[in-house]
Amino acid sequence: MSSNPVAETVASLMPRARAELTELVAFKSVADFEQFPKSESEAAAHWVADALTAEGFQDVALLDTPDGTQSVYGYLPGPAGAKTVLLYAHYDVQPPLDEAGWTTPPFELTERDGRWYGRGAADCKGGVIMHLLALRALKANGGVPVHVKFIAEGSEEQGTGGLERYAEEHPALLEADTVVIGDAGNFRVGLPTVTATLRGMTMMRIQVDTLAGNLHSGQFGGAAPDALAALIRVLDSLRGKDGTTTIDGLTPDASWDGLQYDEEQFRADAKVLDGVELIGDGTVADRIWARPAVTVLGIDCPPVVGATPSVQAGARALVSLRVPPGIDAAEATKLLQAHLETHTPWGARVRTEQIGQGQPFRADTTSPAYAAMAEAMAVAYPGQEMQYAGQGGSIPLCNTLAGLYPHAEILLIGLSEPEAQIHAVNESVSPEELERLSVAEALFLRNYAAS
């Protein structure tokens, strides 16, 4: 990184950043309070609030959102007449999944092979630290040249919409000229990237029932309708033979005309096993950024260990549908629901329940804020030009903010590059990326203030 005072300051702050990220990762802040104590999320929220207060933020508050979680807000005033920038991250995390699959404990930040491992290290507790680093670097080099609003969400990973509903009920709170969402990531380590599109999503639970109770498979099997088999049939109907998502009424053939994703690189990033084919058709970018994608997230049925020779009376599953820009998530939800009900075989009783939804997002990359970010990233990543990519994931708040503040510019950056393995075991963050992106954000704020 070329020498400049902001970069030098961020470099000097990296030990502190690691110590703080260690503290933040230690909170088991999964916003699923049936699995994890609510006190863990509340403690993480208090940590963020204390950090904002220590940095001179005013009006620091824990916002009780309608889904029963807390978002953390603070306001840092800048010079009179300055623009206002909203910085976003979230402190809640995905469950660690199989803790036995982690090389080191998921809630203990651990350095290994030049990366820092821990749940939330990249997604998105690292984003909280990134924002703090950028602001500290500016304060040490002439001051923060914009008004800053900071919001850290407490339930982004659950898709329950608490912050979206709160923002709609308090529309002035998050109003800003530009929003920097720190919950995306570079296309690969060392390649500065802004995310231009996000797929939306809907999640639906399906329950299939066929019998009043389980039956002996020897006595009744062959004629008694098996609810688990019926569920497997309907779930299989969601994909074509090549794995393409085939939900009645949804178009599966849109294309992506921006940055492309080499297939072999994708196989390596996704850790696809040798000999296993990728699913779908078209380019990889088409499949993960421009088209709908269904995933069966879980099935409730008897585990193999302890299973009895029974015809199952009931079974249920949780299904996720990623929705690309150009498709309304509410309409996609209706189509998914209708498909599940239509394709359930044998007259089995079927119930569906929507449990989360977020709209897709497309940014205006021609705005002045993008020019300011491109200039900043060229300094933070010498010799590299800022790229535009899509992201298959969802950040529902983006569309809420775009609807509330149609003149606001929204940029998506962050630490979730492919090697980070977010949502999987052994999630990690590159400290070099944390350092570079903190420099880029600080320089962006300075460039944007002057634009």
Side-chain angles (χ1 to χ4, degrees), residues 73-79 81-90 124 127 130-131 134-135 138 144-153 156 163-164 167-168 171-187 192-200 258-259 289 325-326 358-381 385-391 393-416 437-451:
Y73 172 82
Y75 174 70
L76 185 68
K83 298 173 182 175
T84 299
V85 176
L86 174 66
L87 303 180
Y88 167 90
H90 62 85
C124 178
M130 178 184 73
H131 292 325
L135 296 174
L138 288 172
V144 180
V146 295
H147 304 297
V148 175
K149 293 181 178 181
F150 194 114
I151 188 73
E153 188 173 3
E156 192 275 342
L163 183 56
E164 293 100 278
E168 291 166 350
L173 183 71
L174 303 182
E175 187 172 7
D177 298 297
T178 284
V179 180
V180 179
I181 303 286
D183 191 22
N186 287 342
F187 182 66
T193 311
V194 291
T195 298
T197 67
L198 296 168
R199 288 192 293 196
L259 182 69
W289 297 335
Q359 292 289 353
F361 172 77
R362 188 187 303 275
D364 176 11
T365 58
T366 64
S367 67
Y370 277 82
M373 183 62 80
E375 182 182 346
M377 284 189 163
V379 175
Y381 292 83
E385 182 178 346
M386 186 177 78
Q387 302 293 316
Y388 300 92
Q391 182 170 295
S394 307
I395 307 176
L397 182 66
C398 284
N399 269 82
T400 299
L401 296 179
L404 288 173
Y405 320 120
H407 301 295
E409 304 175 68
I410 300 178
L411 298 94
L412 294 105
I413 62 173
L415 302 163
S416 298
L437 284 167
S438 299
V439 172
E441 181 168 285
L443 295 178
F444 160 75
L445 293 172
R446 184 177 285 177
N447 295 344
Y448 181 62
S451 66

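To the nearest 0.5 angstrom, Tyr388 atom OH is 13.5 Å from Thr197 atom OG1. How far OH of Tyr88 is from CG of Asp183: 5.5 Å, rounded to the nearest 0.5 Å. With rounding to the nearest 0.5 angstrom, the CG atom of Leu174 is 8.0 Å from the CG atom of Leu404. In this structure, Leu401 CG and Glu168 CD are separated by 10.0 Å, a value rounded to the nearest 0.5 Å. Rounding to the nearest 0.5 angstrom, the gap separating the CG atom in Leu437 from the CG atom in Asn186 is 5.0 Å. With rounding to the nearest 0.5 angstrom, the CD atom of Glu153 is 9.5 Å from the CD1 atom of Ile395.
In this view, Thr195 and Ala184, Leu198, Gln391, Leu412 satisfy the side chain to side chain contact (heavy atoms under 4.5 Å, CB included) rule, not counting sequence neighbours. Remark: Tyr75 pairs with His147 by the side-chain hydrogen bond (donor to acceptor under 3.5 Å, both in side chains) rule, at least two apart or across chains. Residues satisfying the side-chain hydrogen bond (donor to acceptor under 3.5 Å, both in side chains) test with Gln359, not counting sequence neighbours, are Asp328. With sequence neighbours left out, the ring-ring contact (aromatic ring centres under 6.0 Å, His included) criterion links Tyr448 to Phe444. Every residue was checked against the side-chain hydrogen bond (donor to acceptor under 3.5 Å, both in side chains) condition with Lys149, not counting sequence neighbours, and none meets it.
Nearest heavy-atom pair across Val144 and Leu135 is CG2-O, 4.0 Å. When every heavy atom of Ala376 is checked against every heavy atom of Ala440, the shortest pair comes out as CB-O, 3.3 Å. Considering every non-hydrogen atom in both Phe150 and His131, the closest pair reads CE1-CB, 3.5 Å. In terms of heavy atoms, Met377 sits closest to Thr193 at CE-O, 3.9 Å. When every heavy atom of Ala89 is checked against every heavy atom of Cys124, the shortest pair comes out as CB-SG, 3.8 Å. Summarising the geometry of Pro145 relative to Leu445, their closest heavy-atom pair is CG-O, 3.7 Å, with the distance given to 0.1 Å.
For the pair Leu397 and Glu156, the minimum side-chain heavy-atom distance is 4.5 Å or more. No side-chain heavy atom of Val194 sits under 4.5 Å from any side-chain heavy atom of Thr365.
Legend: side-chain hydrogen bond (donor to acceptor under 3.5 Å, both in side chains) pairs involving residues 401-414, not counting sequence neighbours, sorted by first then second residue: Ser367-Glu409.
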